[in-house]
*Asks:* 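Have a look at the structure that comes next, please.
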Amino acid sequence: MGAAACAEPGPGGPLTGPSPAFRPPRDDFPILSRPVNGQPLVWLDSAASAQKPRIVLDAMRTFAETHYANVHRGVHGLGHAATEAYEAARNRVAAFIGAAAADEVVFVRGATEAINLVAASFGRSTLRAGDEIVLTELEHHANIVPWQLLREASGVVLRVVPIGDDGTVSLDDLRATLGTRTRLVAVAHVSNVLGTVLPVAEIARLAHAAGARLLVDGCQAVPGRPVDVTALGADFYVFSAHKMYGPTGIGVLWGRRELLAAMPPWQGGGEMIASVSFERTTFKKPPYRFEAGTPPIIEAIGLAAACDYLAGLGLAGIAAHEQALRACAVERLRAVPGLRLLAAEGPGERAGILSFIIDGVHPHDIATVLDTAGIAIRAGHHCAQPLMRRLGVAATARASFGLYNTSADVDALAEGLMRVREVFG
Ligand code: PMP
């Protein structure tokens, strides 16, 4: 990207990002107007969790104040109203991700729980000792550890596709890792450390040609690009609401209807049963079979509001905006002496996530100095220790961009990093 990546200002004035077609709706986010350490907040940690627009907060509050009851239980009016709202939320989420039907959407606690569900249910019921699960070297621990637990229980074998020095996953390397025993491929859609966008549609074709299923961890994709799970050809797709400007405590497992229908429950309790006796219990159809106990009702309302909000803004515009911010940041950060961007450039698309280190300065110290200027980034291993090992570092500093960030935030980051250099000589 050339200097144009950081060109300012666009037609919307000072709040305009480097992508002139998209105007970051900062006023929608109450928290962005609070100072941190006496400075205006510069939130560059959306990949860890995104801030919440008023429309999401209001939707949850209004529901709790006017329609709240437990769902699928009460014969009273509020029970019906709450159930209708909860199921309407499922419909809206299904439409948002291009699911063929609402019953392909299972509400869970988050992406972590969704992957554990698939490992415990699909994994234990269909995979046998010696069957292979293929992962990549850039996975989040949430897409590694559940498969290791399954390995202990069932004797499955984990195989790992290496990444290139540029942080990409090559289809040739994937092809070489797939074998006659491959039953499942489980990959991130977007790396939470490098922003690499994996070619999941091609990965789906290769996995299916090898007779395997594909699970996609869409945590970092759903907040920032149009995702159509049916068109992608995945079999399972998981994500968390809190990274897509929705509430904590809820996420989604999307699964192909016929796969979910064949899967046994993984947790037992109220609401997931058809009938119970001490001798025998029968179960409801998906998605209810997988939603034991009282579900995250208020959170489902918030998640649906977040879907509507993102759809209203336009995911393609958000993607272009975040990519432009990232390109601008790459350019600005290159000018910081001693700063090394990690696997930041290469073929293929990158989402708005960028990792870097500074010679002789621990990433935690970078984050601490930036925090004094009101700039929030993440420092650490980002729950991706195998990737850290591949990159040859223990930790990175990570800036991640959301729909509310502007090129002024990139300027603040670049200036903050110059200050880090001064502080640490
Ligand atoms: N996968 C990826 C790629 C992530 O970035 C995260 C969150 N950091 C997770 C999985 C886990 O998400 P959660 O903690 O919301 O379950």
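Numbering of ligands and ligand atoms starts at 1, following listing order.
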*Asks:* Only heavy atoms of T112, strictly under 4.0 Å: list the atoms of ligand 1 that pass.
*Replies:*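 Listed by number with element: 11 (C), 12 (O), 13 (P), 14 (O), 16 (O).
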*Asks:* For atom 8 (N) of ligand 1, what's the nearest protein heavy-atom neighbour? Residue, atom name and distance, please.
*Replies:*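 Of the protein heavy atoms, K243 NZ, 2.7 Å lies nearest.
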*Asks:* Give me the nearest non-hydrogen protein atom to atom 5 (O) of ligand 1 as residue plus atom name, then the distance to 0.1 Å.
*Replies:*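 Of every protein heavy atom, Q220 NE2, 2.7 Å lies nearest to atom 5 (O) of ligand 1.
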*Asks:* Does atom CG (D165) have a neighbourhood of more than 12 heavy atoms from anything else shown, all under 6.0 Å?
*Replies:*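 Not more than 12 within 6.0 Å, no.
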*Asks:* Would you kindly specify which portion of H242 sits under 4.0 Å from ligand 1, judged on non-hydrogen atoms: side chain, backbone, both or neither?
*Replies:*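 The answer is the side chain.
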*Asks:* For V185 and R213: C-alpha separation, side-chain torsions, deciding distance, then whether side chain to side chain contact (heavy atoms under 4.5 Å, CB included) applies.
*Replies:* CA-CA 6 Å; V185 176; R213 302 290 184 187; over 6 Å; no
*Asks:* Donor-acceptor pair, distance only, cut-off 3.5 Å: does the side chain of R256 make one with the backbone of A234?
*Replies:*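 Present.
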*Asks:* Strictly under 4.0 Å, does any heavy atom of R109 approach an atom of ligand 1?
*Replies:*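 It does not; every heavy atom stays at 4.0 Å or beyond.
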*Asks:* At the 4.0 Å heavy-atom cut-off, does N143 count as touching ligand 1?
*Replies:*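 No, N143 has no heavy atom closer than 4.0 Å to ligand 1.
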*Asks:* Taking 4.0 angstrom as the limit and counting only heavy atoms of S240, give me the atoms of ligand 1 inside it, by number and element.
*Replies:*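 By the 4.0 Å cutoff, the relevant atoms are 12 (O), 13 (P), 15 (O), 16 (O).
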*Asks:* Can you find a pair of side-chain heavy atoms, one from R257 and one from L260, that are under 4.5 Å apart?
*Replies:*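 Side-chain contact under 4.5 Å: no.
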*Asks:* In terms of residue, atom name and distance, what is the protein heavy atom nearest to atom 4 (C) of ligand 1?
*Replies:*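 For atom 4 (C) of ligand 1, the nearest protein heavy atom comes out as H140 CD2, 3.4 Å.
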*Asks:* Taking the side chain from R390 and the backbone from I163, do they hold a donor-acceptor pair closer than 3.5 Å?
*Replies:*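 Checking the backbone N and O of I163 against the side chain of R390, a donor-acceptor pair under 3.5 Å is found.
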*Asks:* Is it the case that over 12 heavy atoms from other parts of the model lie below 6.0 angstrom from the CG atom of L171?
*Replies:*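 Result for CG/L171: enclosed.
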*Asks:* Side chain, backbone, both or neither: which part of H382 comes within less than 4.0 Å of ligand 1 when only heavy atoms are counted?
*Replies:*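 Neither part.
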*Asks:* What pairs meet the salt bridge (Lys or Arg N to Asp or Glu O under 4.0 Å) rule with one or both residues in residues 138-153, with sequence neighbours excluded?
*Replies:*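 Those involving residues 138-153 do not exist here.
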*Asks:* In terms of residue, atom name and distance, what is the protein heavy atom nearest to atom 3 (C) of ligand 1?
*Replies:*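 I find the closest protein heavy atom is D217 OD2, 3.4 Å.
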